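Remember, it's a predicted structure, so these values are computed and weren't measured experimentally.
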Amino acid sequence: MAPMKTDILIAVATFVAARYGFAAIGAPFPGQWALACALCAAGWRMHRAGVGVADLGLRRPAHWPRAIGWAMVAYLGAILLNALVVAPLSNALGLAALDTTALGDLRGNLPRLAGMLLLTWTLVAFGEELLFRGFLLTRLESMLGSGGAAVLAQALLFGAGHAYLGARGALTAGAVGLAFGTVYLFAGRNLWPLVIAHGLIDSVSLVALFGGVALTR
């Protein structure tokens, strides 16, 4: 259990330190830099333990139609959780709309949209799923002795990692983490359905911002 706890602490501490460190020096996309640094730290720990990305679920699905089906379950699950739980709760608490200033001005900016979509379908979708669902969830499960508790814990971490979007944004991300973590356990612990669902959710949000739609949920 001690190595698992160490893995979690190193990955989370690296993410937090890099996020605030890059933000402090005014670097663009500090969240993405933090993700890259945390993935490097996780990769180092995995190498020491003789674990590869395939062991965490980043492997070719045995049945692609089933994987795509699970991707739709993850996508719809996240949408429903946010529509039925997060949005009413956020509205009741008077929380502001998602703070998207960290994403820059996307409205009508096609080159920026293209760049953000490229980043989404490479580093963000793959990296966040590998780090939060593949690496952290599995280690939390070993440490806590419960898949359900691990899903909840990684969802809280995922939400906290998106605090730059504001309180509503953190709750929204937490709901996504909860839906994705649950699907991970039931979909044979394969990350591809989650990568697809993650890319879709972020792409829809980015296109909405490009079109001038304010994200309120």
Side-chain angles (χ1 to χ4, degrees), residues 19 22-23 27-36 39 58 61 64-65 67-91 95-134 155 158-184 187 190-217:
R19 176 68 178 79
F22 280 106
F29 306 116
Q32 281 69 39
W33 284 109
L35 176 61
L39 285 171
L58 197 57
W64 272 106
I68 293 173
W70 276 114
M72 294 303 101
V73 170
Y75 179 85
L76 292 175
I79 296 298
L80 287 174
L81 269 177
N82 276 293
L84 300 178
V85 179
V86 174
L89 178 61
S90 297
N91 292 336
L95 300 182
L98 271 67
D99 181 358
T100 59
T101 53
L103 302 178
D105 186 11
L106 272 167
R107 185 170 184 174
N109 191 334
L110 189 58
R112 188 170 185 84
L113 173 65
M116 293 295 289
L117 288 173
L118 177 63
L119 194 63
T120 289
W121 284 98
T122 51
L123 174 63
V124 176
F126 283 93
E128 289 192 349
E129 293 313 312
L130 183 59
L131 178 64
F132 286 93
R133 258 61 73 181
F158 192 61
H162 289 77
Y164 64 90
L165 294 172
R168 186 186 290 255
L171 288 175
T172 299
V176 171
L178 191 62
F180 281 21
T182 301
V183 168
Y184 177 74
N190 193 290
L191 290 175
W192 271 102
L194 306 180
V195 169
I196 295 170
H198 196 138
L200 286 175
I201 287 177
D202 284 4
S203 295
V204 170
S205 299
L206 291 171
V207 171
L209 290 171
F210 172 78
V213 178
L215 301 181
T216 59
R217 61 181 64 189

> Is there a donor in the side chain of R168 and an acceptor in the side chain of N91, or the other way round, less than 3.5 Å apart?
Replying inline: yes
>> Below 30° counts as parallel, above 60° as perpendicular, anything between as tilted: where do the rings of W33 and F22 land?
In response: parallel
>> Are the side chains of L81 and V86 in contact, using a 4.5 Å heavy-atom criterion?
In response: no
>> Out of the candidates L118, V195, L119, only one should pair with V124 under the side-chain contact (heavy atoms from CB on, under 4.5 Å) rule; please name it.
In response: L119
> Do the non-hydrogen side-chain atoms of L191 and Y184 ever get within less than 4.5 Å of each other?
Replying inline: yes
> Are the side chains of M72 and L200 in touch, meaning some heavy atoms are under 4.5 Å apart?
Replying inline: yes
> Considering residues at least two apart in sequence or located in another chain, which fulfil the side-chain hydrogen bond (donor to acceptor under 3.5 Å, both in side chains) criterion with T122?
Replying inline: none
> Distance from E128 atom CD to H162 atom NE2, nearest 0.5 Å?
Replying inline: 4.0 Å
> What's the spacing between E129 CD and L194 CG if we round to 0.5 Å?
Replying inline: 5.0 Å
> Where is the tightest heavy-atom contact between F210 and N109, given as atom of each residue plus distance?
Replying inline: CE1-N, 3.4 Å
> How long is the span from the CD1 atom in I201 to the CG atom in L206, to the nearest 0.5 Å?
Replying inline: 12.0 Å
> More than 12 non-hydrogen atoms from neighbouring residues, nucleotides or ligands closer than 6.0 Å to CH2 on W121, yes or no?
Replying inline: yes
> Which atoms form the tightest heavy-atom contact between F180 and A74, and what is the distance?
Replying inline: CE1-O, 3.6 Å
>> Please find the pair of heavy atoms, one from R112 and one from D105, that lie closest to each other, and give the distance.
In response: CD-O, 3.7 Å
>> For N82 versus L171, what's the shortest heavy-atom pair and its separation?
In response: OD1-O, 4.4 Å
> Which atom names give the shortest non-hydrogen contact between L178 and A155, and what distance separates them?
Replying inline: N-CB, 3.5 Å
> If you measure from CG on L165 to CG on L98, what distance do you get to the nearest 0.5 Å?
Replying inline: 5.5 Å
>> Under the rule for side-chain contact (heavy atoms from CB on, under 4.5 Å), what residues qualify as partners of I79, not counting sequence neighbours?
In response: Y75
> Which atoms form the tightest heavy-atom contact between S203 and L117, and what is the distance?
Replying inline: OG-CD2, 3.6 Å
